[in-house]
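The first residue in the sequence is number 1, and the count goes up from there. Excluded from the calculations below are hydrogen atoms, water molecules and symmetry mates; all remaining heavy atoms, backbone and side chain alike, are included. Being a predicted model, the structure only gives us computed values, none of them experimental.
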Amino acid sequence: MGHTATEQAGSGGLTATEHRLANGLRVVLSEDHLTPVAAVCLWYDVGSRHEVKGRTGLAHLFEHLMFQGSAQVKGNGHFELVQGAGGSLNGTTSFERTNYFETMPAHELELALWLEADRMGSLLTALDDESLENQRDVVKNERRQRYDNVPYGTAFEKLTAMAYPEGHPYHHTPIGSMADLDAASLEDARAFFRTYYAPNNAVLSIVGDIDPEQTLAWVEKYFGSIPAHDGKQPPRDGTLPDIMGGELREVVEEEVPSRALMAAYRLPHDGTREADAADLALTVLGGGESSRLYNRLVRRDRSAVAAGFGLLRLAGAPSLGWLDVKTSGGVEVPAIESAVDEELARFAAEGPTPEEMERAQAQLEREWLDRLATVSGRADELCRFAVLFGDPQLALTAVRRVLEITPQEVQAVAQARLRPDNRAVLVYEPTEPNEPTDAAAGTEEEEAAL
């Protein structure tokens with residue numbers, strides 16, 4: 001069954017059709033004949049928020065295991081076949097989903113669909129102790145390289161743990177802990193696959209130079225016989241009060257290049273007007289070199305070498321406003337923090353100027369249009385809105401919704417949320433290079449990519 005979406009106002013002429021197989025797999029198609037390429041994107045509704053205490057990191061570990069072979073494709077064959085056909089591929093894991101994607105020459109689309117279907121339907125055939133141990137070591141090494149042994153590498157992990165209390169599904173990040181990675185057994189991995197890697201827990205989007213009828217025939221041919229699985233439990237409730245109710249603070253003494261002030265503010269859930277308003281507020285305050293914080297701290301005061309403020313959008317829990325300031329010279333963090341609070345208070349009192357509002361909306365509009373203009377970016381967004389919000393068509397009107405936000409809404413979210421009693425703060429104080437340190441830390445994007 002399927003239906004064709006009519007072109008919606010604010011979609012920029014983009015359209016998508018949605019279909020559903022008998023086994024529950026949702027399929028979204030979007031034709032784009034500008035270039036002879038096609039993007040395949042497969043989102044599974046599983047991320048670190050679905051994990052339980054003692055078994056963190058399984059979602060990310062499984063992202064790696066999905067490239068270790070399946071019934072018809074041995075070892076590294078998935079990479080070899082896609083790259084040999086002139087395509088590119090990868091996978092990433094976040095709090096809320098795991099995705100796999102290929103961009104192929106249009107005439108090689110069938111190959112990508114067959115490969116994705118083969119591992120969805122038959123990965124357990126190839127999953128053994130050897131492949132588990134191999135990828136466990138890869139993930140542990142990734143943790144060392146991206147988190148534990150780089151300056152500021154675990155900042156994201158530390159702030160997440162502070163912003164979401166113990167027991168909250170977002171308290172831990174997708175990379176997982178070393179101890180939990182060591183504890184994961186082959187049966188844990190098999191049970192995880194059976195529960196979450198089922199067609200009725202996935203959305204497949206295909207965008208580009210495609211023939212919809214032929215594409216759907218291939219999807220039915222390769223995915224249609226894979227059985228559904230009904231054992232998935234819903235993720236734990238991520239609801240929290242709008243305000244933390246008091247500032248949380250940690251000082252980290254490590255071998256880092258300079259002092260740093262980082263903070264996470266609790267902001268509205270993704271998919272709401274309030275989240276779009278928060279995105280605009282943070283763009284005015286810290287989105288690039290024209291922002292208020294950059295102009296104040298870097299250009300005027302010269303107290304910082306970098307200053308940014310961005311939104312980590314989350315659907316199943318409050319989003320996070322991520323502040324990151326690196327100090328210059330011998331500047332102390334309290335001076336930076338005082339200036340930041342002064343700028344936030346002024347913004348909450350006055351709101352954005354017309355020029356700031358226009359610039360911020362244009363900036364977010366450009367980012368969205370750049371994303372939707374590529375076949376891979378559009379495929380990913382169609383999957384995102386289908387999995388997290390139930391409707392892939394929302395991806396095509398996201399720009400319109402950002403442009404509808406008023407200055408009053410931007411000011412209101414700043415007044416309500418950008419307050420000292422609604423943040424977790426991380427302060428970095430450098431140590432001498434020859435002093436022993438604990439694991440180094442940093443602002444890593446929430447996704448763990450293969």
Test side chain to side chain donor-acceptor pair (under 3.5 Å) applied to Glu343 - qualifying residues, sequence neighbours left out: Arg296, Arg346
For Glu187, check side chain to side chain donor-acceptor pair (under 3.5 Å) against everything at least two apart and list the hits. Arg194
Please set out all donor-acceptor pairs under 3.5 angstrom arising from side-chain atoms of residues 361-371, sequence neighbours excluded.
residue	atom	partner	partner atom	Å
Gln361	NE2	Val402	O	3.2
Gln361	NE2	Leu403	O	3.3
Gln361	NE2	Ile405	O	3.2
Gln363	NE2	Gly287	O	3.1
Arg371	NE	Glu381	OE2	3.1
Arg371	NH2	Asp380	OD2	2.4

Give every residue pair that meets the ring pair (Phe, Tyr, Trp, His ring centres under 6.0 Å) criterion with at least one member in residues 376-398, sequence neighbours excluded. Phe385-Phe389
Partner residues of [X] under the side chain to side chain contact (heavy atoms under 4.5 Å, CB included) criterion, sequence neighbours left out:
| X | answer |
| --- | --- |
| Thr353 | Arg292, Glu355, Glu356 |
| Ala386 | Arg26, Val203, Pro392 |
| Asp182 | Arg136, Lys140 |

Hits for salt bridge (charged side-chain N to carboxylate O under 4.0 Å, His left out) against Asp128, two or more places apart or cross-chain, chain-then-number order -> none
Taking only residues two or more places apart in sequence or in another chain, which ones pass salt bridge (charged side-chain N to carboxylate O under 4.0 Å, His left out) with Glu130? none
Please list all pairs meeting salt bridge (Lys or Arg N to Asp or Glu O under 4.0 Å) that have one or both residues in residues 271-285, counting only residues at least two apart or in different chains. Arg273-Glu404, Arg273-Glu409, Asp276-Arg313, Asp279-Arg313
Looking at OG of Ser94 and CD of Glu63, how far apart are the two atoms once the value is rounded to the nearest 0.5 Å? 10.0 Å
All pairs passing side-chain hydrogen bond (donor to acceptor under 3.5 Å, both in side chains) where residues 205-217 contributes a residue, at least two apart: His33-Asp209
When the side chains of residues 67-74 are checked against the rest of the protein, which donor-acceptor pairs come out under 3.5 Å, sequence neighbours left out?
residue	atom	partner	partner atom	Å
Ser70	OG	Asp118	OD2	2.6
Lys74	NZ	Ala71	O	3.1

